[in-house]
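Okay, structure first, notes after.
Below, all heavy atoms of this structure are taken into account, side chains as well, without hydrogens, waters or symmetry copies. Since we're looking at a predicted model, the values are computed, not measured.
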Amino acid sequence: VAVHTEPLQLCADNLRKGFKVGISAGESAIVAFYNSIHLIRTALLGGQNLSTLLNETDYHLEVMTRVRNKLSMPHNDMSAYRETISTLIDRG
């Protein structure tokens, strides 16, 4: 609901916090990764610097890969966002 009523940059900041909390909780890492996907999408739509966002996306993918054996994660969705950001940078 917040993405319809709050600035996207604020939503991205809150999703970033949700990712950090989920990762630190360990058992709720899957929640962290859903926050991660929505974070990258929201930050992209909110106009975050693409180079910074690409670095952040790479970090999230790295963390997802490290725990991939333990959880079923939305790795493909994040990879698609990464490709989109990389394409926008190359064409920008």
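We find the CD-CD distance between E56 and Q48 to be 5.5 Å, quoted to the nearest 0.5 Å. Residue H38 holds its NE2 atom at 9.0 Å from CG of D77, rounded to the nearest 0.5 Å. Separation of atoms CG (N49) and CD1 (I89) is listed at 7.5 Å; rounding is to 0.5 Å. Summarising the geometry, atom CD1 belonging to I40 is positioned 3.5 Å from atom OG1 belonging to T57; distances are rounded to the nearest 0.5 Å. We find the CG-NZ distance between L15 and K20 to be 12.5 Å, quoted to the nearest 0.5 Å.
A donor-acceptor pair is defined here as one N or O able to donate and one able to accept, closer than 3.5 Å; such a pair exists between the side chain of S24 and the backbone of V21. Listed for the S86 side chain is no donor-acceptor partner under 3.5 Å among the backbone atoms of R82.
The shortest non-hydrogen separation linking L53 to A43 is CD1-CB, 3.7 Å. The two residues M64 and I37 come nearest to each other via the heavy atoms CE-CG1, 4.4 Å. Between T42 and L8 the shortest heavy-atom distance is CG2-O, 3.4 Å. Of all the heavy atoms in F19 and S36, the pair that sits closest is CD1-CB, 3.8 Å. Taking all atoms of both residues into account, the shortest heavy-atom contact from E6 to C11 is CB-SG, 4.0 Å.
Among residues two or more places apart in sequence or in another chain, the side chain to side chain donor-acceptor pair (under 3.5 Å) test is passed with N14 by none.
Under the 4.5 Å side-chain contact rule for hydrophobic residues, L61 and Y59 share a cluster.
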